[in-house]
Amino acid sequence: MVHKIIKLAVTDVRFPTSLEQHGSDAMHRDPDYSAAYVVISTDVGLRGYGLTFTVGRGTEIVVCAVEALAGLVVGKSLEEIISDFRGFYRLLTSDGQMRWIGPEKGVIHLATAAVLNAVWDLWARAEGKVGCGDPKQIVSCIDFRYITDALTEQEALVYITCVGCLFCPPEDQMLKEGYPAYTTSCAWMGYSDQQLKQLCTDALNNGWTKFKMKVGADLEDDIRRCRLIRQMIGPDNTLMIDANQRWDVGEAIAWVSRLAEFRPLWIEEPTSPDDILGHAAISKALAPLGIRVATGEQCHNRVMFKQFLQASALQFVQIDSCRLGSVNENLAVLLMAHKFQVPVCPHAGGVGLCELVQHLILFDYICVSADLNNRMCEYVDHLHEHFTSPAVIRNACYMPPKDPGYSSEMLESSVHTHQYPEGDVWKTLLNK
(Lines give C-alpha, C1' and ligand atoms only; values in the text may rest on other atoms or scores of the structure.)
Protein backbone atom coordinates (compact mmCIF):
# COMPACT_ATOMS: atom_id res chain seq x y z
CA MET A 1 0.00 0.00 0.00
CA VAL A 2 1.25 3.48 -0.88
CA HIS A 3 0.85 6.14 1.81
CA LYS A 4 0.81 9.58 0.22
CA ILE A 5 1.29 12.48 2.62
CA ILE A 6 -1.52 14.96 2.09
CA LYS A 7 -1.17 17.23 5.12
CA LEU A 8 1.33 18.34 7.75
CA ALA A 9 -0.15 20.19 10.74
CA VAL A 10 1.79 21.69 13.65
CA THR A 11 0.48 22.94 17.00
CA ASP A 12 2.06 25.02 19.77
CA VAL A 13 1.34 22.93 22.90
CA ARG A 14 2.42 24.22 26.31
CA PHE A 15 2.00 22.98 29.86
CA PRO A 16 2.29 25.49 32.74
CA THR A 17 4.91 23.54 34.69
CA SER A 18 6.51 26.75 35.94
CA LEU A 19 3.61 27.18 38.37
CA GLU A 20 5.02 24.35 40.49
CA GLN A 21 8.68 24.78 39.50
CA HIS A 22 8.83 21.44 37.71
CA GLY A 23 11.89 21.39 35.48
CA SER A 24 13.56 24.40 37.10
CA ASP A 25 17.35 24.61 37.10
CA ALA A 26 20.14 27.16 37.38
CA MET A 27 19.62 28.50 33.85
CA HIS A 28 15.93 27.86 33.29
CA ARG A 29 14.13 29.07 36.39
CA ASP A 30 10.55 29.06 35.09
CA PRO A 31 10.16 26.50 32.27
CA ASP A 32 6.75 25.71 30.83
CA TYR A 33 7.29 22.30 29.25
CA SER A 34 6.14 22.67 25.65
CA ALA A 35 6.29 21.12 22.21
CA ALA A 36 5.93 21.93 18.57
CA TYR A 37 3.62 18.99 17.87
CA VAL A 38 3.44 17.66 14.31
CA VAL A 39 0.79 15.44 12.76
CA ILE A 40 1.38 14.00 9.29
CA SER A 41 -1.75 12.71 7.53
CA THR A 42 -1.88 10.32 4.57
CA ASP A 43 -4.48 9.64 1.93
CA VAL A 44 -5.27 6.23 3.45
CA GLY A 45 -6.06 7.62 6.90
CA LEU A 46 -2.83 6.61 8.65
CA ARG A 47 -1.09 9.35 10.64
CA GLY A 48 2.36 9.93 12.06
CA TYR A 49 3.06 12.02 15.15
CA GLY A 50 6.22 13.87 16.11
CA LEU A 51 7.35 16.62 18.42
CA THR A 52 10.28 18.69 19.48
CA PHE A 53 10.67 19.88 23.05
CA THR A 54 10.79 23.52 24.13
CA VAL A 55 10.28 25.33 27.43
CA GLY A 56 7.61 27.93 26.62
CA ARG A 57 8.36 31.22 24.88
CA GLY A 58 9.85 30.60 21.47
CA THR A 59 7.74 27.56 20.66
CA GLU A 60 5.83 29.72 18.20
CA ILE A 61 9.09 30.30 16.31
CA VAL A 62 9.68 26.56 15.98
CA VAL A 63 6.09 26.21 14.74
CA CYS A 64 6.83 28.75 12.00
CA ALA A 65 9.95 26.80 11.01
CA VAL A 66 7.96 23.56 10.79
CA GLU A 67 5.44 25.28 8.55
CA ALA A 68 8.30 26.45 6.32
CA LEU A 69 9.43 22.82 5.92
CA ALA A 70 5.97 21.45 5.20
CA GLY A 71 6.21 22.07 1.47
CA LEU A 72 9.16 19.66 1.28
CA VAL A 73 7.06 16.88 2.81
CA VAL A 74 3.47 17.16 1.60
CA GLY A 75 2.93 15.33 -1.68
CA LYS A 76 5.59 12.70 -1.07
CA SER A 77 4.73 9.10 -0.29
CA LEU A 78 6.08 7.33 2.77
CA GLU A 79 7.56 4.70 0.49
CA GLU A 80 9.40 7.35 -1.53
CA ILE A 81 10.88 8.78 1.68
CA ILE A 82 12.06 5.51 3.25
CA SER A 83 13.51 4.27 -0.04
CA ASP A 84 16.01 7.13 0.29
CA PHE A 85 15.70 8.36 3.86
CA ARG A 86 19.20 9.80 3.79
CA GLY A 87 18.26 11.85 0.76
CA PHE A 88 15.07 13.01 2.46
CA TYR A 89 17.08 14.04 5.54
CA ARG A 90 19.37 16.09 3.34
CA LEU A 91 16.39 17.61 1.54
CA LEU A 92 15.19 19.03 4.86
CA THR A 93 18.58 20.02 6.27
CA SER A 94 20.22 21.28 3.08
CA ASP A 95 17.54 23.39 1.43
CA GLY A 96 19.54 26.01 -0.45
CA GLN A 97 17.87 28.92 1.35
CA MET A 98 16.66 27.60 4.71
CA ARG A 99 19.99 26.03 5.63
CA TRP A 100 21.29 29.59 5.96
CA ILE A 101 19.45 29.86 9.29
CA GLY A 102 21.07 26.63 10.49
CA PRO A 103 22.60 24.58 9.17
CA GLU A 104 21.55 21.63 11.34
CA LYS A 105 21.34 23.72 14.49
CA GLY A 106 18.99 26.04 16.32
CA VAL A 107 15.32 26.58 15.55
CA ILE A 108 15.41 25.05 12.07
CA HIS A 109 17.01 21.89 13.47
CA LEU A 110 14.34 21.60 16.16
CA ALA A 111 11.70 21.93 13.47
CA THR A 112 13.41 19.33 11.30
CA ALA A 113 13.48 16.92 14.25
CA ALA A 114 9.73 17.29 14.80
CA VAL A 115 9.03 16.52 11.14
CA LEU A 116 11.44 13.60 10.90
CA ASN A 117 10.23 12.09 14.17
CA ALA A 118 6.68 12.18 12.77
CA VAL A 119 7.89 10.37 9.65
CA TRP A 120 9.56 7.67 11.77
CA ASP A 121 6.33 7.26 13.72
CA LEU A 122 4.35 6.97 10.49
CA TRP A 123 6.80 4.39 9.12
CA ALA A 124 6.62 2.26 12.27
CA ARG A 125 2.83 2.39 12.32
CA ALA A 126 2.62 1.46 8.64
CA GLU A 127 4.71 -1.63 9.28
CA GLY A 128 3.27 -2.41 12.72
CA LYS A 129 6.71 -2.24 14.29
CA VAL A 130 7.94 -1.55 17.80
CA GLY A 131 11.46 -2.97 17.60
CA CYS A 132 14.45 -2.74 15.31
CA GLY A 133 14.80 -3.51 11.63
CA ASP A 134 17.29 -4.59 9.02
CA PRO A 135 20.80 -3.17 9.67
CA LYS A 136 21.31 -2.04 6.07
CA GLN A 137 18.00 -0.20 6.11
CA ILE A 138 18.81 1.45 9.45
CA VAL A 139 22.25 2.57 8.30
CA SER A 140 20.78 3.91 5.06
CA CYS A 141 18.85 6.47 7.16
CA ILE A 142 22.02 8.05 8.57
CA ASP A 143 23.74 11.01 6.93
CA PHE A 144 27.46 10.27 7.20
CA ARG A 145 28.46 13.59 5.70
CA TYR A 146 30.97 15.36 7.99
CA ILE A 147 31.56 12.31 10.23
CA THR A 148 33.33 9.74 8.04
CA ASP A 149 36.62 10.57 9.77
CA ALA A 150 35.00 9.13 12.91
CA LEU A 151 32.49 6.60 11.59
CA THR A 152 32.01 5.13 8.13
CA GLU A 153 28.94 3.42 6.74
CA GLN A 154 30.84 0.13 6.60
CA GLU A 155 31.78 0.39 10.28
CA ALA A 156 28.19 1.17 11.22
CA LEU A 157 27.00 -1.98 9.51
CA VAL A 158 29.47 -4.01 11.57
CA TYR A 159 28.35 -2.42 14.84
CA ILE A 160 24.64 -3.20 14.36
CA THR A 161 24.43 -6.83 15.41
CA CYS A 162 20.67 -7.48 15.59
CA VAL A 163 18.55 -8.17 12.53
CA GLY A 164 15.26 -7.37 14.22
CA CYS A 165 14.30 -10.71 15.78
CA LEU A 166 11.59 -9.96 18.32
CA PHE A 167 12.81 -12.57 20.77
CA CYS A 168 16.57 -12.53 20.54
CA PRO A 169 18.18 -12.91 24.01
CA PRO A 170 18.92 -9.21 24.73
CA GLU A 171 15.38 -8.19 23.83
CA ASP A 172 13.97 -11.01 25.94
CA GLN A 173 15.89 -9.58 28.90
CA MET A 174 14.43 -6.14 28.26
CA LEU A 175 10.90 -7.59 28.18
CA LYS A 176 11.46 -9.22 31.54
CA GLU A 177 13.57 -6.67 33.42
CA GLY A 178 13.51 -3.39 31.48
CA TYR A 179 16.21 -0.76 30.97
CA PRO A 180 17.73 0.91 34.07
CA ALA A 181 16.57 4.47 34.75
CA TYR A 182 17.46 7.34 37.06
CA THR A 183 15.16 10.03 38.38
CA THR A 184 15.47 13.81 38.26
CA SER A 185 11.98 14.43 39.59
CA CYS A 186 13.07 14.74 43.23
CA ALA A 187 15.40 17.71 43.07
CA TRP A 188 14.46 20.49 40.68
CA MET A 189 16.08 23.78 41.61
CA GLY A 190 12.85 25.45 42.69
CA TYR A 191 11.70 22.69 45.05
CA SER A 192 11.65 23.35 48.79
CA ASP A 193 13.62 21.19 51.23
CA GLN A 194 10.40 19.66 52.51
CA GLN A 195 9.29 18.76 49.01
CA LEU A 196 12.72 17.37 48.19
CA LYS A 197 12.70 15.14 51.29
CA GLN A 198 9.24 13.81 50.57
CA LEU A 199 10.00 13.07 46.92
CA CYS A 200 13.27 11.30 47.81
CA THR A 201 11.44 9.20 50.39
CA ASP A 202 8.76 8.28 47.89
CA ALA A 203 11.33 7.45 45.23
CA LEU A 204 13.32 5.21 47.55
CA ASN A 205 10.14 3.38 48.52
CA ASN A 206 9.44 2.83 44.82
CA GLY A 207 12.83 1.25 44.21
CA TRP A 208 14.84 4.15 42.80
CA THR A 209 18.59 3.97 43.46
CA LYS A 210 19.93 6.62 41.05
CA PHE A 211 19.19 10.32 41.54
CA LYS A 212 20.10 13.52 39.74
CA MET A 213 19.90 17.01 41.22
CA LYS A 214 20.25 20.51 39.80
CA VAL A 215 23.16 22.72 40.87
CA GLY A 216 24.84 25.94 39.77
CA ALA A 217 22.90 28.89 41.16
CA ASP A 218 24.56 29.32 44.56
CA LEU A 219 27.54 27.32 45.81
CA GLU A 220 26.68 27.32 49.51
CA ASP A 221 23.12 26.32 48.74
CA ASP A 222 24.39 23.56 46.47
CA ILE A 223 26.56 22.23 49.29
CA ARG A 224 23.60 22.28 51.65
CA ARG A 225 21.24 20.59 49.19
CA CYS A 226 23.82 17.99 48.13
CA ARG A 227 24.36 17.12 51.78
CA LEU A 228 20.61 16.85 52.33
CA ILE A 229 20.06 14.60 49.31
CA ARG A 230 23.06 12.41 50.10
CA GLN A 231 21.69 11.95 53.62
CA MET A 232 18.27 11.08 52.20
CA ILE A 233 19.41 8.54 49.61
CA GLY A 234 22.25 7.05 51.64
CA PRO A 235 25.91 6.40 50.87
CA ASP A 236 25.43 3.51 48.45
CA ASN A 237 22.95 4.98 45.99
CA THR A 238 24.10 6.95 42.94
CA LEU A 239 24.02 10.75 42.79
CA MET A 240 24.56 12.89 39.68
CA ILE A 241 24.64 16.68 39.45
CA ASP A 242 23.59 18.93 36.56
CA ALA A 243 24.58 22.60 36.08
CA ASN A 244 22.71 23.18 32.80
CA GLN A 245 25.61 25.12 31.21
CA ARG A 246 25.86 27.68 34.04
CA TRP A 247 29.62 28.00 34.49
CA ASP A 248 32.81 29.12 32.80
CA VAL A 249 35.50 26.43 32.60
CA GLY A 250 37.55 27.48 35.62
CA GLU A 251 34.43 28.17 37.64
CA ALA A 252 33.10 24.71 36.84
CA ILE A 253 36.27 23.02 38.05
CA ALA A 254 36.36 25.00 41.30
CA TRP A 255 32.63 24.63 41.98
CA VAL A 256 32.44 20.89 41.37
CA SER A 257 35.59 20.32 43.39
CA ARG A 258 33.74 21.78 46.37
CA LEU A 259 30.96 19.23 45.81
CA ALA A 260 33.30 16.24 45.50
CA GLU A 261 32.67 15.15 49.10
CA PHE A 262 29.16 14.08 48.06
CA ARG A 263 30.59 11.67 45.48
CA PRO A 264 28.64 12.59 42.36
CA LEU A 265 29.08 10.12 39.52
CA TRP A 266 29.05 12.91 36.96
CA ILE A 267 28.68 16.63 36.43
CA GLU A 268 26.29 17.24 33.56
CA GLU A 269 26.55 20.23 31.22
CA PRO A 270 29.15 22.11 33.28
CA THR A 271 29.73 24.79 30.64
CA SER A 272 28.65 25.94 27.18
CA PRO A 273 27.45 23.01 25.05
CA ASP A 274 29.59 24.38 22.22
CA ASP A 275 32.85 24.36 24.20
CA ILE A 276 34.47 21.03 23.36
CA LEU A 277 37.93 21.97 24.61
CA GLY A 278 36.39 23.43 27.76
CA HIS A 279 34.67 20.13 28.49
CA ALA A 280 37.95 18.31 27.88
CA ALA A 281 39.73 20.58 30.39
CA ILE A 282 37.00 20.07 32.98
CA SER A 283 37.08 16.32 32.42
CA LYS A 284 40.84 16.19 32.91
CA ALA A 285 40.76 18.36 36.04
CA LEU A 286 37.97 16.39 37.75
CA ALA A 287 39.26 12.92 36.90
CA PRO A 288 41.45 12.67 40.04
CA LEU A 289 38.32 13.33 42.12
CA GLY A 290 36.50 10.44 40.46
CA ILE A 291 33.94 12.77 38.88
CA ARG A 292 33.11 12.28 35.23
CA VAL A 293 31.62 14.63 32.67
CA ALA A 294 28.32 14.03 30.88
CA THR A 295 26.90 16.23 28.17
CA GLY A 296 25.12 16.24 24.85
CA GLU A 297 21.46 17.06 25.33
CA GLN A 298 21.97 20.48 23.72
CA CYS A 299 24.63 19.57 21.21
CA HIS A 300 23.68 20.85 17.80
CA ASN A 301 24.20 17.67 15.83
CA ARG A 302 26.29 14.58 15.11
CA VAL A 303 29.27 16.74 14.11
CA MET A 304 29.53 18.24 17.59
CA PHE A 305 29.35 14.78 19.13
CA LYS A 306 32.08 13.59 16.80
CA GLN A 307 34.41 16.25 18.15
CA PHE A 308 33.47 15.60 21.79
CA LEU A 309 34.33 11.94 21.32
CA GLN A 310 37.52 12.59 19.39
CA ALA A 311 38.70 15.01 22.08
CA SER A 312 37.87 12.59 24.93
CA ALA A 313 35.88 15.46 26.40
CA LEU A 314 33.17 13.38 28.06
CA GLN A 315 32.71 10.05 29.76
CA PHE A 316 28.96 9.76 29.25
CA VAL A 317 27.09 10.62 26.04
CA GLN A 318 23.67 12.18 26.53
CA ILE A 319 21.60 11.98 23.39
CA ASP A 320 18.31 13.83 23.22
CA SER A 321 15.34 12.71 21.16
CA CYS A 322 14.45 16.27 20.07
CA ARG A 323 17.07 18.94 20.63
CA LEU A 324 19.92 16.93 19.15
CA GLY A 325 17.60 16.12 16.31
CA SER A 326 15.70 13.23 14.86
CA VAL A 327 16.11 9.49 15.08
CA ASN A 328 18.50 9.83 12.12
CA GLU A 329 20.92 12.00 14.11
CA ASN A 330 20.66 9.90 17.25
CA LEU A 331 21.48 6.70 15.36
CA ALA A 332 24.72 8.30 14.18
CA VAL A 333 25.65 9.38 17.69
CA LEU A 334 24.82 5.99 19.24
CA LEU A 335 27.10 4.27 16.75
CA MET A 336 29.95 6.76 17.20
CA ALA A 337 29.69 6.40 20.98
CA HIS A 338 29.91 2.63 20.58
CA LYS A 339 33.05 2.93 18.47
CA PHE A 340 34.68 5.25 21.01
CA GLN A 341 33.50 3.04 23.90
CA VAL A 342 31.62 5.80 25.70
CA PRO A 343 28.35 4.70 27.37
CA VAL A 344 25.13 6.42 26.34
CA CYS A 345 22.88 7.75 29.13
CA PRO A 346 20.14 9.72 27.37
CA HIS A 347 18.51 12.91 28.58
CA ALA A 348 14.74 12.64 28.92
CA GLY A 349 13.49 15.59 30.94
CA GLY A 350 10.57 17.37 29.31
CA VAL A 351 7.26 16.63 27.66
CA GLY A 352 7.30 13.44 25.61
CA LEU A 353 11.04 12.86 25.80
CA CYS A 354 10.75 9.75 27.97
CA GLU A 355 8.26 8.34 25.49
CA LEU A 356 10.62 8.92 22.56
CA VAL A 357 13.99 8.15 24.07
CA GLN A 358 12.95 4.71 25.34
CA HIS A 359 13.07 3.52 21.72
CA LEU A 360 16.62 4.81 21.32
CA ILE A 361 17.96 3.09 24.44
CA LEU A 362 16.34 -0.18 23.48
CA PHE A 363 17.89 0.06 20.01
CA ASP A 364 21.29 0.76 21.59
CA TYR A 365 21.06 -2.24 23.89
CA ILE A 366 19.41 -4.75 21.56
CA CYS A 367 21.10 -3.87 18.29
CA VAL A 368 24.42 -2.27 19.21
CA SER A 369 25.95 -2.47 22.68
CA ALA A 370 24.21 -5.41 24.45
CA ASP A 371 25.75 -3.82 27.55
CA LEU A 372 24.17 -2.18 30.60
CA ASN A 373 27.43 -1.34 32.35
CA ASN A 374 27.41 2.37 33.28
CA ARG A 375 24.21 2.83 31.27
CA MET A 376 20.95 4.33 32.45
CA CYS A 377 18.29 6.63 31.05
CA GLU A 378 16.75 9.68 32.66
CA TYR A 379 13.12 9.63 33.75
CA VAL A 380 11.01 12.52 34.99
CA ASP A 381 7.54 11.85 36.30
CA HIS A 382 5.73 14.68 34.53
CA LEU A 383 3.03 14.86 31.82
CA HIS A 384 2.97 11.21 30.73
CA GLU A 385 -0.79 11.18 31.16
CA HIS A 386 -1.08 13.31 28.01
CA PHE A 387 0.18 10.53 25.70
CA THR A 388 -1.72 7.63 24.19
CA SER A 389 1.22 5.26 24.87
CA PRO A 390 2.99 6.67 27.93
CA ALA A 391 6.34 5.35 29.10
CA VAL A 392 6.02 2.58 31.66
CA ILE A 393 8.41 2.33 34.62
CA ARG A 394 8.66 -0.84 36.70
CA ASN A 395 11.21 -1.28 39.49
CA ALA A 396 12.98 1.89 38.32
CA CYS A 397 13.38 0.51 34.81
CA TYR A 398 11.84 1.43 31.46
CA MET A 399 9.66 -1.39 30.18
CA PRO A 400 9.61 -1.84 26.38
CA PRO A 401 6.68 -0.13 24.65
CA LYS A 402 4.10 -2.42 23.08
CA ASP A 403 2.23 -0.21 20.63
CA PRO A 404 3.59 0.28 17.08
CA GLY A 405 5.12 3.69 16.46
CA TYR A 406 7.43 6.14 18.20
CA SER A 407 5.13 6.63 21.24
CA SER A 408 4.78 10.28 20.26
CA GLU A 409 1.01 10.61 19.87
CA MET A 410 -0.64 12.97 22.33
CA LEU A 411 -4.25 12.75 23.44
CA GLU A 412 -6.40 15.02 21.30
CA SER A 413 -8.04 16.40 24.44
CA SER A 414 -4.64 17.38 25.87
CA VAL A 415 -3.60 19.12 22.65
CA HIS A 416 -6.90 20.98 22.53
CA THR A 417 -6.82 22.22 26.13
CA HIS A 418 -3.10 23.09 26.16
CA GLN A 419 -2.78 24.71 22.74
CA TYR A 420 -1.16 28.11 23.16
CA PRO A 421 -2.79 30.58 23.54
CA GLU A 422 -6.21 29.32 22.44
CA GLY A 423 -6.54 26.31 24.74
CA ASP A 424 -8.75 26.45 27.81
CA VAL A 425 -5.81 26.10 30.19
CA TRP A 426 -4.08 29.16 28.75
CA LYS A 427 -7.23 31.20 28.36
CA THR A 428 -7.76 30.82 32.10
CA LEU A 429 -4.16 31.60 33.04
CA LEU A 430 -3.69 34.54 30.67
CA ASN A 431 -6.93 36.18 31.77
CA LYS A 432 -6.02 36.20 35.44
Side-chain angles (χ1 to χ4, degrees), residues 25-27 105 146-147 149-151 182 184 210-220 222-223 225-227 229-230 235 238-320 323-324 332-347 364 369 371 373-378:
D25 60 55
M27 289 292 276
K105 61 176 68 73
Y146 309 134
I147 63 170
D149 54 327
L151 178 73
Y182 71 87
T184 309
K210 303 176 180 68
F211 299 78
K212 187 171 80 179
M213 64 173 292
K214 299 295 183 176
V215 299
D218 179 271
L219 178 56
E220 294 306 317
D222 283 349
I223 292 172
R225 291 173 71 252
C226 281
R227 181 171 289 113
I229 292 179
R230 178 52 81 186
T238 302
L239 177 66
M240 290 84 73
I241 57 176
D242 182 0
N244 289 93
Q245 313 159 32
R246 181 63 184 257
W247 303 314
D248 200 355
V249 173
E251 185 181 19
I253 295 169
W255 199 300
V256 177
S257 296
R258 290 285 304 276
L259 302 179
E261 63 177 290
F262 307 109
R263 296 184 295 109
L265 172 65
W266 74 51
I267 172 62
E268 182 174 328
E269 292 194 310
T271 191
S272 166
D274 299 341
D275 192 353
I276 295 162
L277 296 181
H279 277 83
I282 295 168
S283 178
K284 182 178 180 180
L286 296 180
L289 299 175
I291 302 173
R292 306 170 190 180
V293 171
T295 201
E297 69 176 86
Q298 286 199 317
C299 277
H300 298 310
N301 49 48
R302 66 197 181 284
V303 183
M304 292 286 292
F305 268 107
K306 177 190 76 170
Q307 295 173 77
F308 271 111
L309 292 165
Q310 289 174 327
S312 300
L314 70 170
Q315 288 74 54
F316 292 96
V317 164
Q318 290 184 305
I319 59 173
D320 185 287
R323 281 181 286 176
L324 164 64
V333 175
L334 284 172
L335 291 165
M336 283 192 289
H338 180 71
K339 178 180 178 178
F340 284 83
Q341 299 183 322
V342 179
V344 175
C345 297
H347 164 261
D364 179 44
S369 68
D371 184 9
N373 185 43
N374 281 327
R375 283 175 163 82
M376 52 186 147
C377 183
E378 185 174 26

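Below, all heavy atoms of this structure are taken into account, side chains as well, without hydrogens, waters or symmetry copies. The residues of the chain are indexed from 1 along the displayed sequence.
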Peer 1: Of all the heavy-atom pairs spanning Ala311 and Ala280, show the shortest one and how long it is.
Peer 2: O-CB, 4.1 Å

Peer 1: On a heavy-atom basis, which atom in Leu314 and which in Phe308 lie closest, and how many Å separate them?
Peer 2: CD2-CB, 3.4 Å

Peer 1: Quick one: does Glu251's side chain get under 4.5 Å of Ile282's, heavy atoms only?
Peer 2: no

Peer 1: Given side chains that start at C-beta, do those of Phe340 and Gln310 come closer than 4.5 Å, heavy atoms only?
Peer 2: yes

Peer 1: On the 0 to 90° scale, with breaks at 30° and 60°, tag the Tyr182-Trp266 ring pair as parallel, tilted or perpendicular.
Peer 2: perpendicular

Peer 1: From Leu309 CG over to Leu151 CG, what is the distance, rounded to the nearest 0.5 angstrom?
Peer 2: 10.5 Å

Peer 1: Within the side chain of Asp242, is there an N or O that forms a donor-acceptor pair under 3.5 Å with the backbone of Asn244?
Peer 2: yes

Peer 1: Distance from Glu297 atom CD to His347 atom NE2, nearest 0.5 Å?
Peer 2: 3.5 Å

Peer 1: Check the pair Leu286 / Ser257 against side chain to side chain contact (heavy atoms under 4.5 Å, CB included), numbers first and verdict last.
Peer 2: CA-CA 7 Å; Leu286 296 180; Ser257 296; 3.9 Å; yes

Peer 1: Side chain to side chain contact (heavy atoms under 4.5 Å, CB included) for Met213 and Leu239? Distances and angles first, verdict last.
Peer 2: CA-CA 8 Å; Met213 64 173 292; Leu239 177 66; 4.1 Å; yes

Peer 1: State whether Arg258 and Glu220 are salt-bridged, where the test is any N-O pair (Lys NZ or Arg NE/NH1/NH2 against Asp/Glu carboxylate O) under 4.0 Å.
Peer 2: yes

Peer 1: Quick one: are Tyr146 and Asn301 in side-chain contact, heavy atoms under 4.5 Å?
Peer 2: no

Peer 1: Where the side chain of Lys210 meets the backbone of Met240, is there a donor-acceptor pair that is under 3.5 Å apart?
Peer 2: no

Peer 1: So which of Leu289, Ile267, Ile241 actually passes side-chain contact (heavy atoms from CB on, under 4.5 Å) with Leu259?
Peer 2: Ile241

Peer 1: Quick check for you: to the nearest 0.5 Å, what is the distance between His338 atom NE2 and Asp364 atom CG?
Peer 2: 8.5 Å

Peer 1: Take Ile253 and Val256 through the side chain to side chain contact (heavy atoms under 4.5 Å, CB included) test and state the conclusion after the steps.
Peer 2: CA-CA 5 Å; Ile253 295 169; Val256 177; over 6 Å; no

Peer 1: To the nearest 0.5 Å, what is the distance between OG1 on Thr238 and CG on Leu265?
Peer 2: 6.5 Å

Peer 1: Answer yes or no: is there a donor N or O on one side and an acceptor on the other, between the side chain of Arg246 and the main chain of Ala26, under 3.5 Å?
Peer 2: yes

Peer 1: Tell me whether Ser283 contacts the main-chain N or O of His279 through its side chain, where contact means a donor paired with an acceptor under 3.5 Å.
Peer 2: no

Peer 1: Keeping the roles fixed (side chain from Lys339, backbone from Ala150), state whether a donor-acceptor pair exists under 3.5 Å.
Peer 2: yes

Peer 1: Check whether Gln318 reaches the backbone of Pro346 with its side chain - one donor and one acceptor, N or O, closer than 3.5 Å.
Peer 2: no

Peer 1: Give a yes or no on whether the backbone of Ala337 and the side-chain of Gln341 come within a donor-acceptor separation of less than 3.5 Å.
Peer 2: no

Peer 1: Using distance alone, with no hydrogens and no angle criterion, decide if Glu378 and Thr184 have a side-chain donor and acceptor under 3.5 Å apart.
Peer 2: yes

Peer 1: Look at the side chain of Asp222 and the backbone N and O of Arg225, then say whether any donor-acceptor pair between them is shorter than 3.5 Å.
Peer 2: no

Peer 1: Measuring from Ile291:CD1 to Phe262:CZ, what's the distance to the nearest 0.5 Å?
Peer 2: 11.0 Å

Peer 1: Any chance you could measure Ser312, atom OG, to Ile276, atom CD1, to the nearest 0.5 Å?
Peer 2: 12.0 Å

Peer 1: Can we say Glu261 and Arg227 salt-bridge, meaning some charged N sits less than 4.0 Å from an Asp/Glu carboxylate O?
Peer 2: yes

Peer 1: Determine whether Asn374 and Phe316 make a side-chain contact, defined as any pair of heavy atoms from C-beta on separated by less than 4.5 Å.
Peer 2: yes

Peer 1: Does the side chain of Glu268 come under 3.5 Å of the side chain of Thr295 through a donor N or O and an acceptor N or O?
Peer 2: no

Peer 1: Show your reasoning for whether side chain to side chain contact (heavy atoms under 4.5 Å, CB included) applies to Gln245 and Ser272.
Peer 2: CA-CA 5 Å; Gln245 313 159 32; Ser272 166; 5.9 Å; no

Peer 1: Quick one: list whatever passes side-chain hydrogen bond (donor to acceptor under 3.5 Å, both in side chains) with Trp247, sequence neighbours left out.
Peer 2: none

Peer 1: Can you check whether Val333's main-chain N or O pairs, donor with acceptor, with Arg302's side chain at less than 3.5 Å?
Peer 2: no

